[in-house]
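Fair warning: this is a prediction, and the values are worked out from it, not measured in the lab. Scope of the values below: all heavy atoms of this structure, side chains included, with no hydrogens, waters or symmetry mates.
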Amino acid sequence: MEILEQLAPLLGSLATSSHVYAKWGAISEATVAEQVFALVMVAQADWAHQAIAGAVGPVSGREIEAALEPVDMVGTIELMTTLSAFDLVYPRHLLRDRDHAERAATRVAKLLGPGASWVTNTESIGDGRAWTPVTRHGIDVVVAGSTAEHFVILLALGDD
């Protein structure tokens, strides 16, 4: 089975909550940051009713790229698990089975392999977190990975 066929149900599972978005595919001419920006545009359109009037976020892939920092595979799995299983605004509020989310996140990371490059816009997750916004919403966290052939993105957002 091709890797994209294996990624589809896993990322779909991680993005079951209405505040979590996923995107995956083959590497094209678009950078990972540009792919993140495209997903941000979808999420912002879906969440337009939640946006604060006048709020702005990055307006290009270049601005998204400036917000992203490397993260290792262990951090990636933790981030994907947390984004899928917990509410960003109320981090102690469990949205779904954490173990299931962790298994799916681990499988995604393993499918991309140890040579994958992972990035995020957050320094930590949970209490005391800090992030560089990639949307116009109050809280957002993105984690993205890529190889020479494939990319995956998980984006969660919320407004407090």
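Each of L68, V141, L83 was compared with T120 under the side-chain contact (heavy atoms from CB on, under 4.5 Å) criterion, and only V141 meets it. Screening V59, N121, V142, V36 against I64 for a side-chain contact (heavy atoms from CB on, under 4.5 Å) leaves a single residue, V36.
Side chain of T82 to main chain of E78: a donor-acceptor pair is present (N/O by atom type, distance under 3.5 Å, no hydrogens or angles). For Q35 (side chain) and K23 (main-chain N/O), no donor-acceptor pair under 3.5 Å exists by modelled atom type. Within the 3.5 Å criterion, the main-chain N or O of V20 finds no donor-acceptor partner in the side chain of S17.
Taking both residues in full, the closest heavy atoms of L111 and Q6 are given as CD2-OE1, 3.2 Å, listed atom of the first, atom of the second, then distance. Between V134 and A67 the shortest heavy-atom distance is CG1-CB, 4.0 Å. Considering all non-hydrogen atoms of both residues, P133 and D140 come closest at CA-OD1, 3.6 Å. Closest approach of T147 to L112, counting heavy atoms only: CG2-O, 3.3 Å. Across every non-hydrogen atom of L155 and A43, the tightest pair is CD2-CB, 3.9 Å.
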Stepwise, does the side chain to side chain contact (heavy atoms under 4.5 Å, CB included) test hold for L95 with F86?
CA-CA 5 Å; L95 298 174; F86 295 94; 5.8 Å; no
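A side-chain donor from one of R96 and S84 sits under 3.5 Å from a side-chain acceptor of the other.
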